[in-house]
Amino acid sequence: MRKIGFLGCGKIGQALYHHIKEKGYADVVFIEDLKAEIPGETVVTKPDPKLYEQADLILECATASVLKEHLEQILSQADLLMFSVTAFSDPEFEQEAERLCEKYGRHIYLPHGAILGLDGIFDGRFVWKKVTIVTTKSPKSLGRTDEERTVVYDGPTRGACKAYPRNVNVHASIALAGIGFDQTCSKIISDPAVSTNAHEIHLEGDGMDIRMNIESFAAGAVTGVYTPHSACGSLDRICEEGSGRVFV
Ligand SMILES: NC(=O)c1ccc[n+]([C@@H]2O[C@H](COP(=O)([O-])OP(=O)(O)OC[C@H]3O[C@@H](n4cnc5c(N)ncnc54)[C@H](O)[C@@H]3O)[C@@H](O)[C@H]2O)c1
């Protein structure tokens with residue numbers, strides 16, 4: 001049985017928490033969150049080294065900045081499944097994550113989250129010539145007040161992550177799996193007419209032209225309805241042992 005700790009337990013975290021309880025394949029050893037209330041659980045608001053020691057897998061579902069602050073505390077004790085992938089757009093974080101994984105012999109699991117096919121993008125990382133992502137969200141979701149459709153960012157993915165760290169985890173995941181934060185092109189559109197999070201992804205290489213259009217109703221402040229389901233599937237693939245069909 002894996003021993004799981006939560007860093008952040010909002011929309012995605014609570015979906016994972018209930019999924020673990022239903023499946024029974026892991027023990028929840030701590031929940032750290034600033035404000036979450038989970039019946040029957042003690043929720044701590046600050047990192048507690050004694051609790052971290054009890055975990056062998058920590059699920060980060062908080063923010064990129066929290067992840068940066070906690071990185072060594074996490075990786076010195078446990079593997080990490082992280083949802084705030086924009087943290088990787090900071091070169092210091094990327095280097096530190098690599099150093100700590102090597103030092104402590106840990107894995108960082110990167111979920112496909114709001115999109116599909118991150119494994120396939122990674123498999124083609126040496127052959128993509130151009131990767132572009134266009135995301136359209138409501139102004140509210142982006143923390144803005146636009147009254148008409150507005151392009152709020154158009155440039156390399158690294159800058160998009162800096163400007164909208166809570167909204168472009170899809171861009172960060174694709175950049176990380178594919179051709180990097182400086183080569184991947186991001187466009188973010190704020191549109192008061194939409195109630196979905198929409199991502200148009202276009203990958204081009206010699207003899208290859210792949211497009212994905214993904215639209216998910218905006219269920220939380222930053223998260224669409226699909227992501228909690230995908231998060232649970234990712235956790236299953238980390239935790240479940242046994243026989244049967246395995247998608248790879
Ligand atoms: N990878 C993806 O495709 C993808 C998709 C959607 C969301 N996300 C990201 O996943 C993360 C979680 O998303 P969510 O919808 O569950 O967010 P949420 O706002 O519903 O939950 C975040 C939780 O983190 C807690 N938190 C914030 N600061 C904290 C701190 N210092 N210590 C402990 N807890 C803290 C908050 O209290 C909150 O309960 C966000 O960073 C979001 O941008 C990633």
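Note that ligands are numbered from 1 as they come in the structure, with each ligand's atoms numbered from 1 the same way.
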Point to revise | Within-cut-off N or O pair, Ala64 and ligand 1, under 3.5 Å | key: no
Exercise for review: Decide whether an N or O pair under 3.5 Å exists between Ala114 and ligand 1.
Suggested key: yes
Exercise for review: Record the part of Asn169 in heavy-atom contact with ligand 1 below 4.0 Å; permitted values are side chain, backbone, both and neither.
Suggested key: side chain
Check your understanding: Arg166 to ligand 1: N or O pair under 3.5 Å?
Key -> yes
Study note, to complete from the structure: Note: ligand 1 atoms sitting under 4.0 Å from heavy atoms of Lys35 are 37 (O)
Study note, to complete from the structure: Judged by heavy atoms only, the candidate from Leu16, Leu34, Leu110 nearest atom 28 (N) of ligand 1 is Leu34
Point to revise | Which of the ligand 1 atoms, numbered from 1, are nearer than 4.0 Å to a heavy atom of Gly10 | key: 16 (O), 20 (O), 21 (O), 23 (C), 39 (O)
Practice item. Determine, using ring centers only, whether His19 and Tyr17 are less than 6.0 Å apart. Key: no
Exercise for review: Step through the shown structure and confirm whether more than 12 heavy atoms of other residues, nucleotides or ligands are within 6.0 Å of CG on Asp206.
Suggested key: no
**Study point:** Location of contacts on Val66 toward ligand 1, heavy atoms closer than 4.0 Å
**Key:** side chain
Check your understanding: Does the N or O separation between Asp33 and ligand 1 drop below 3.5 Å for any pair?
Key -> yes
Review point. Is the distance between the ring centroids of Phe88 and Phe93 under 6.0 Å?
Key: yes
**Study point:** Ile12, any N or O under 3.5 Å of ligand 1 N or O
**Key:** yes
Exercise for review: Would you mind finding which of Cys61, Pro111, Ser173, Ala62 brings a heavy atom closest to atom 40 (C) of ligand 1?
Suggested key: Ala62
Check your understanding: Can any side-chain N or O of Thr150 pair as donor or acceptor with the backbone N or O of Asp146 at less than 3.5 Å?
Key -> no
Review point. Taking everything shown except Gln183 itself, do over 12 heavy atoms lie less than 6.0 Å from its CD?
Key: no
Review point. Hey, what do you get for CD1 (Ile201) to CD1 (Ile115), rounding to the nearest 0.5 Å?
Key: 4.5 Å
Check your understanding: Does OH in Tyr109 sit with more than 12 non-hydrogen atoms of other residues, nucleotides or ligands closer than 6.0 Å?
Key -> yes
**Study point:** Contacting atoms of ligand 1, where contact means under 4.0 angstrom from a heavy atom of Gly113
**Key:** 2 (C), 3 (O)
Revision key, fill the gap. Salt bridge (charged side-chain N to carboxylate O under 4.0 Å, His left out) filter on Glu240, not counting sequence neighbours, yields Lys23
Practice item. Please check if atom NZ in Lys140 has more than 12 non-hydrogen atoms from other residues, nucleotides or ligands closer than 6.0 Å. Key: no
Check your understanding: Can you find an N/O atom of Leu7 closer than 3.5 Å to an N/O atom of ligand 1?
Key -> no
Exercise for review: Say whether Ser84, considering both its backbone and side-chain N or O atoms, lies within less than 3.5 Å of an N or O atom on ligand 1.
Suggested key: yes
